[in-house]
Structure formats: C-alpha cells, structure tokens
Amino acid sequence: MPEGSIGTPIKRREDHRFLTGAGRYVGDFDRPGRTYASMVRSPVGHAKIPNVDTSKAEAEPCVVKSLKGADWAADEVGALSGGWPVIAKNEMPATSHKVWPALQQSNG
Amino acid sequence: MATTTVSMTVNGKQVSAEAENRTLLVQYLRESLGMTGTHVGCDTSQCGACTVHIDGLPIKSCTILARQVDGKDVTTIEGLADGDTLHPMQEAFRENHALQCGFCTPGMVMSAIGIVERNKDSLDEKTVREELEGNFCRCTGYHNIVKAILAAHQDMAA
Ligand code: FES
Ligand code: FES
C-alpha cells in the first residue's frame, strides 16, 4: 500500500463492470438443469409450526422439490451463526424466518 | 402458450424476438436478448433494480409486458457509456463510491438520470431522497448515492 493511502478513498477496479451492466451475478448464469428456489417466509413474528402442508405446491408440474425444516435437519446442513436454523422446523424463531423453500423449473 | 414477435429498439439497435404474451420486459431483455445488465431484485415492483428508460422515461421493467413496449425505444444500463467514456451519472457513482456489490446500481443509475432530467434547473438533497424512494440499495446506506446524483446534476447541467 503506498504511503499516504490510509484514509484516502481509492477507485475500485470492479466498479466499471458493475456500472456498465457487465457484472455477472448468480441470476445471470443459465446452466442446464438450473432450478429456482422460492422461499416461503413466516407471516407472523413467533409461532409453533405443527405442520407445513406442501402437497398442493408439490402437485404443481413445475415444482421439482420442496424442502422443510425436517429435510434440512436430516441433511445435516447445519445452522446459521448463533445456532439459528436455516429453515424453521418446530418453532418459528423470528419474523420472516423461512418456513420452506420450493425448487422450481422456471421462475414464471 | 401464445407467443408474438416483439420488436423494439434497444440501445439504438433494432431487436426482435418471440415472446409469450405474459413475458415481462425485464425477462425479454435478460432471457430473450441475453442482456443481463438489468437486474431483478424483487419481481414485485418494489426495488427498482430493473429500471430502464422507455422513450426516455425511467420505468421498472418488471412492471410492464414486453409486448406493451413493441416499437418503442429502450435504453438499458449497457447503452449508457460511449465506448470507454462513462455517462456522467456512471462516472459520478464511481467517483463518489456510490456502489458496493453493484446489484442495485443499474436501476439506481437509470432512475437517477430520470431524477436529474426532471429537475434540470435545480436539485437538492431532499428531492433526490424523495424521488429515489422506488430504488432499494441493501449495501450503501444511500448517502453516497445521493452525493453522486447531486454531483452528476452539476456535470450534466454544465
Ligand atoms: S425487480 Fe422490478 S422493481 Fe424489483
Ligand atoms: S450496491 Fe449492493 S445493493 Fe446497492
């Protein structure tokens, strides 16, 4: 780092591509077999979840798979920092926590 | 699914592609034309990441069907720079560190140009903040974006 650069703003190299629409984000890639995940979030702040009925969603032809908290736990994916579950299982820890993601073939 | 041929001018080039009747302009740009500079942040008309200009006016391209834009003139983020020379708004964003991850940036820049054009004679911080209501940035906290827009207003008026 050249002397005197501490505390001085420097131009970032990546900005040019971000400013001209040339960035490449995950959603910009199209790979064979790509699926989209849509997350269902809790409509309430805190609640017990006796059951999540995904049968209707799974009956949709575009839905590849739906995952619930139990699937997530069984796959041993682990938790977020602080031990928060990625997908709530029996209890909703906070507002907007994910109840279940469904993978679908298109986002239409 | 019913499709029609949808034609328009995008960044000065005549384009044409088959699109389903329900295809949104943003999908047409990203999927049919492969122009991924315009982003989808929400799909629900809230975030503004998808903003483009249609006949010179900023519009959220997730709120309009591609076929409604048939025959019109569209400008996207990819069409702003003149070769290596950035548009004054792009340059002001770069100078003022008005971006971090850059996801909101295409929509921010397109909306920002609209703000400057609507307020050519005078533009203050309050107006910028108010008129930027339809664009979300989850990284920067807006301060530098507002600074960039005010700086670009000076440059664009000069
Ligand atoms: S994707 Fe159009 S407003 Fe968010
Ligand atoms: S720079 Fe990341 S969302 Fe705005």
Side-chain angles (χ1 to χ4, degrees), chain A residues 1-2 4-44 57 59-64 66 80-81 84 86 94-108, chain B residues 1 10-11 20 22-24 26-27 29-32 34-43 49-52 62 75-110 112 139-140 144 147-148:
Chain A
M1 202 183 264
S5 59
I6 294 173
T8 315
I10 48 161
K11 299 279 175 302
R12 304 193 314 161
R13 273 213 225 166
E14 61 272 41
D15 281 2
H16 191 271
R17 64 174 191 272
F18 291 162
L19 280 163
T20 52
R24 297 284 278 154
Y25 297 85
V26 177
D28 299 336
F29 292 94
D30 195 2
R31 290 265 183 262
R34 173 187 59 175
T35 52
Y36 293 89
S38 54
M39 304 290 174
V40 175
R41 287 176 185 274
S42 164
V44 294
E60 289 291 328
C62 67
V63 172
V64 179
S66 77
L80 299 175
S81 64
W84 286 43
V86 179
T95 310
S96 271
H97 210 80
K98 294 178 262 317
V99 187
W100 58 276
L103 299 180
Q104 47 190 42
Q105 267 156 356
S106 77
N107 63 356
Chain B
M1 195 74 67
V10 178
N11 301 330
E20 285 178 16
R22 63 173 188 165
T23 300
L24 300 168
V26 70
Q27 291 175 299
L29 293 169
R30 292 178 52 87
E31 293 162 28
S32 309
M35 298 176 65
T36 54
T38 302
H39 295 156
V40 180
C42 67
D43 236 350
C50 63
T51 308
V52 299
C62 75
T75 307
T76 71
I77 190 73
E78 288 102 330
L80 283 185
D82 182 6
D84 279 344
T85 314
L86 294 177
H87 182 283
M89 188 61 76
Q90 291 169 310
E91 191 57 51
F93 267 62
R94 202 175 75 94
E95 287 284 328
N96 289 282
H97 300 272
L99 61 147
Q100 287 180 25
C101 78
F103 194 83
C104 71
T105 309
M108 282 287 175
V109 168
M110 298 314 282
C139 296
T140 70
N144 287 355
K147 245 169 67 185

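No experiment lies behind these values; they were computed from the predicted model shown. First the proteins, then the strands, lettered A, B, ... as listed; each starts at 1.
- Proximity of a side-chain donor or acceptor of A/Arg12 to a complementary backbone N or O of B/His97 within less than 3.5 Å is not detected.
- Within the 4.5 angstrom heavy-atom criterion, only side-chain atoms of B/His39, from C-beta onward, approach chain A.
- If you tally non-hydrogen atom pairs under 4.5 Å between each of B/Cys101, B/Gly37, B/Ala98, B/Pro106 and chain A, the highest count goes to B/Cys101.
- B/Arg94 touches chain A through backbone and side chain together, each having a heavy atom under 4.5 Å away.
- Heavy atoms closer than 4.5 Å to chain A are found nowhere in B/Leu24, neither backbone nor side chain.
- With a 4.5 Å cut-off on non-hydrogen atoms, B/Leu99 touches chain A through its backbone and its side chain both.
- Neither the backbone nor the side chain of B/Glu20 comes within less than 4.5 Å of any heavy atom in chain A.
- Annotation: side-chain hydrogen bond (donor to acceptor under 3.5 Å, both in side chains) contacts of B/Gln100 (sequence neighbours excluded): none.
- Between A/Tyr25 and B/Phe103, the shortest heavy-atom contact is OH-N, 3.4 Å.
- Checked against side-chain hydrogen bond (donor to acceptor under 3.5 Å, both in side chains), B/Asp82 has no partners two or more places apart in sequence or in another chain.
- If you take CD on B/Gln90 and CG on A/Asp15, they are separated by 11.5 Å, rounding to the nearest 0.5 Å.
- Contact check for A/Leu19 versus B/Met89: no side-chain heavy atoms found under the 4.5 Å cut-off.
- The two atoms that bring B/Ala81 and A/Thr20 nearest to each other are CB-CG2, 4.5 Å, heavy atoms only.
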Query - side chain to side chain contact (heavy atoms under 4.5 Å, CB included) assessment of B/Glu31 paired with A/Asp30 - result: CA-CA 9 Å; B/Glu31 293 162 28; A/Asp30 195 2; over 6 Å; no
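- Taking each heavy atom of B/Thr36 and A/Arg24 in turn, the nearest pair found is OG1-NH1, 4.1 Å.
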